[in-house]
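Here the structure is laid out as structure tokens; the discussion comes afterwards.
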Amino acid sequence: MPQPSHNRSDITNRQDIERLVNQFYDAVKADATIGYFFTEAVAVNWEKHLPVMYAFWENVLFHTGGYSGNPMERHKQLNQQSAIEPAHFQQWLHLFASTVDRLFAGENAETIKQRAASIATVMQLKILHHQ
Ligand code: HEM
């Protein structure tokens, strides 16, 4: 259960992003539905992947310009290796939103959840249409 919102503050800086991303992937790795993408389909090198994800989310929220990857292409490849179904996306989003809500409350916390949902929608469409 999230704490009452008056005990949580908003996402305001890089340190908050790092905390969010670390706790999100702890939940992802332990998850029965999507954990295997990260532990078996891809043997993720976390020392490399986490800083990429800090930069990605920092750029989404604060427009820092520090991310220059191609997530759509990466997930199309991944989908060819191991199919990513709508239920996987739903669980990914559920874990993301519940991690945000457990740690933070405020305008940026709402924005980052919305951005995650809209990027996930585009990603699913791209995968579906093999664009
Ligand atoms: C069920 C859904 C998803 C699965 C299973 C999944 C899985 C993965 C995996 C295995 C990687 C590769 C890590 C590596 O290269 O070592 C990755 C990278 C990444 N994912 Fe996802 N992902 C999902 C959804 C999403 C969503 C919805 C977003 C954004 C809102 C996202 C953002 C990223 C980004 C930014 C990268 C890094 C790409 C790069 O190397 O530049 N993922 N994902």
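First listed ligand is number 1; within each ligand, the first listed atom is number 1. None of the values given here were measured: they were computed from a predicted structure.
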* **ligand 1 atoms in contact with Gly69 (distance to a heavy atom under 4.0 Å)** => 41 (O)
* Quick one: sort the Trp92 and Phe96 rings into parallel, tilted or perpendicular, breaks at 30° and 60°. => parallel
* Region of His88 engaging ligand 1 - heavy atom pairs below 4.0 Å -> both
* Should you measure from each heavy atom of Val44, which atoms of ligand 1 turn up under 4.0 Å away? -> 13 (C), 16 (O)
* To do: Establish, from distance only, whether the side-chain atoms of Asn22 and Tyr54 form a donor-acceptor pair under 3.5 Å.
  => yes
* Identify, for atom 17 (C) of ligand 1, the protein heavy atom at the shortest distance, and state residue, atom and that distance. => His75 NE2, 3.5 Å
* Among Ile119, Leu125, Ile127, the one residue meeting side chain to side chain contact (heavy atoms under 4.5 Å, CB included) with Met72 -> Ile119
* Identity and separation of the nearest protein heavy atom to atom 6 (C) of ligand 1 -> Phe38 CZ, 3.5 Å
* To do: Considering only non-hydrogen protein atoms, determine which one is nearest to atom 41 (O) of ligand 1 and report residue, atom name and distance to 0.1 Å.
  => Tyr67 OH, 2.5 Å
* **Under-4.0 Å heavy-atom contact with ligand 1, by part of Lys48 that carries it** => neither
* Under 3.5 Å donor-acceptor, Asp16 side chain and Thr12 backbone -> yes
* Closest non-hydrogen protein atom to atom 40 (O) of ligand 1, residue and atom name please, with distance? -> Val52 CG1, 4.3 Å
* When you look for heavy atoms under 4.0 Å from ligand 1, do you find them on the side chain of Leu78, its backbone, both, or neither? -> side chain
* To do: Starting from atom 2 (C) of ligand 1, find the nearest protein heavy-atom neighbour and note its residue, name and distance.
  => Trp92 CD1, 3.5 Å
* Interfacing atoms of ligand 1 (cut-off 4.0 Å, heavy-atom, Ile119) -> 29 (C), 30 (C)
